[in-house]
2 protein chains.
Amino acid sequence: MDFQTLKNKITSGGLKFTHQRMVIYEVLCSSEDHPTAEMVFSRVKEANPGLSKGTVYKTLDSFVHANMVQKFTDDLGLMRFDPVLESHSHLYCSKSKKIRDYKNTGLEKMLKKYFEENQIDGFEVEEVSLVIKGKTK
Amino acid sequence: MDFQTLKNKITSGGLKFTHQRMVIYEVLCSSEDHPTAEMVFSRVKEANPGLSKGTVYKTLDSFVHANMVQKFTDDLGLMRFDPVLESHSHLYCSKSKKIRDYKNTGLEKMLKKYFEENQIDGFEVEEVSLVIKGKTK
DNA sequence: CTGTTTGCAAACCATTTGCATTGGA
DNA sequence: TCCAATGCAAATGGTTTGCAAACAG
């Protein structure tokens with residue numbers, strides 16, 4: 001992602017463009033493992049020793065509020081960040097503890113249709129996602 | 001649940017029977033809202049002022065290891081406990097922040113069948129559950 | 001200029017741990 | 001009796017908060 005695209009991503013979310021936000025967003029986008037704030041911090045500080053941990057937490061939070069990233073909790077209760085916005089599910093590997101994206105439009109359509117045809121008593125469904133646990137082969 | 005049933009539940013899990021374990025398990029079974037350890041503690045201590053918070057944490061953990069309760073994380077990263085063992089999904093209400101059980105054997109069969117017919121590349125599925133977010137009507 | 005963002009450190013809070021005491025089998 | 005469970009307090013660790021200094025618009 002080039003400098004201008006990056007800058008646009010940040011400013012179009014209504015956020016001021018800063019060096020810290022740029023490098024944090026860059027790290028997030030090039031991470032495939034849904035890093036925690038701590039993981040983002042350690043990856044970012046290699047090239048940016050001055051950047052503080054508090055800024056990483058605050059920045060990730062700004063991104064969430066600006067709808068640039070999604071936040072979710074893993075099975076240990078840690079907050080994970082994902083720059084992929086479209087709804088999708090996650091694969092939890094019990095061996096490596098890694099979390100991978102699992103996108104499956106067909107399955108999502110099937111579930112959406114299912115909950116349109118089968119209302120849940122007293123509950124209005126807004127969003128459905130899958131937690132898929134297993135092992136990487 | 002009467003005293004004997006309760007006692008059996010605990011001892012058949014290989015755990016010693018104690019007053020603390022009894023009242024904690026009782027509270028869990030009569031709570032429909034998937035309480036956190038803190039919630040269990042505050043409910044238990046009303047009738048048992050002597051019971052300590054550490055014991056609640058340790059006891060809940062024993063129950064999980066003895067396969068008497070399930071543990072999962074909510075969307076805020078808090079640990080929740082559920083005395084219902086069969087696999088089932090959860091409804092997250094964005095208004096009340098309450099979590100309800102959602103059991104649907106038909107849907108589970110459908111998903112199981114789906115992942116038998118549609119293998120995920122490089123991943124062996126062991127368990128699938130749904131995170132259903134929405135609003136209580 | 002002015003309000004936002006950053007850095008740093010302290011505070012927070014759910015959870016875990018250590019250890020002496022108690023109690024179940 | 002003997003090991004496991006309890007109570008209490010201290011420690012842990014991820015996350016949040018407060019505030020002065022730096023900075024973007």
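Keep in mind the model is a prediction, meaning the values are calculated, not measured. Throughout, protein chains are lettered first and strands after them, A, B, ... in sequence-line order, and every chain is numbered starting at 1.
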Those residues at least two apart in sequence (or on a different chain) that pass salt bridge (Lys or Arg N to Asp or Glu O under 4.0 Å) with A:K7 are none
Residue set satisfying side chain to side chain donor-acceptor pair (under 3.5 Å) with A:K9, at least two apart, ordered chain then number -> none
Between its two end axes (five pairs each) the helix from C:dC1-D:dG25 to C:dA25-D:dT1 turns, nearest 10 degrees, through 40°
Residues passing the side chain to side chain donor-acceptor pair (under 3.5 Å) test with A:Y92, sequence neighbours excluded, are none
Note: contacts of residues 54-82 of chain A with DNA chain C (heavy atom, under 4.0 Å) are A:T55, A:K58, A:T59
The complete set of ring-ring contact (aromatic ring centres under 6.0 Å, His included) pairs with one or both residues in residues 41-74 of chain B, sequence neighbours excluded, reads B:Y25-B:F63, B:H34-B:F72, B:F72-B:H90
Closest non-hydrogen contact found for B:Q70 with B:V84 is OE1-O, 2.9 Å
Check your understanding: Do the charged groups of B:E108 and B:K103 touch, with an N to O distance under 4.0 Å?
Key -> yes
To the nearest angstrom, the CG-P distance between B:L51 and D:dT6 comes to 8 Å
Residues in residues 24-45 of chain B with a heavy atom under 4.0 Å of DNA chain D, by number, are none
Sorted by chain and residue number, the side chain to side chain donor-acceptor pair (under 3.5 Å) partners of A:S31 (sequence neighbours excluded) come out as A:R43
Hits for side chain to side chain donor-acceptor pair (under 3.5 Å) against A:R100, two or more places apart or cross-chain, chain-then-number order -> none
A:D33 bridged to A:R80 by N-O distance under 4.0 Å: no
Quick note, ring-ring contact (aromatic ring centres under 6.0 Å, His included) partners involving residues 95-117 of chain B, not counting sequence neighbours, are none
Footprint ends on DNA chain C, 5' to 3', for atoms under 4.0 angstrom from a heavy atom of chain A, come out as C:dG3 to C:dC8
Pairs under 3.5 angstrom only: tabulate donor-acceptor contacts from the side chains of residues 123-137 of chain B to other protein residues two or more places apart or in another chain.
unit_1 : atom_1 : unit_2 : atom_2 : d
B:E126 : OE2    : A:K135 : NZ     : 2.9
B:K135 : NZ     : A:E126 : OE2    : 2.9

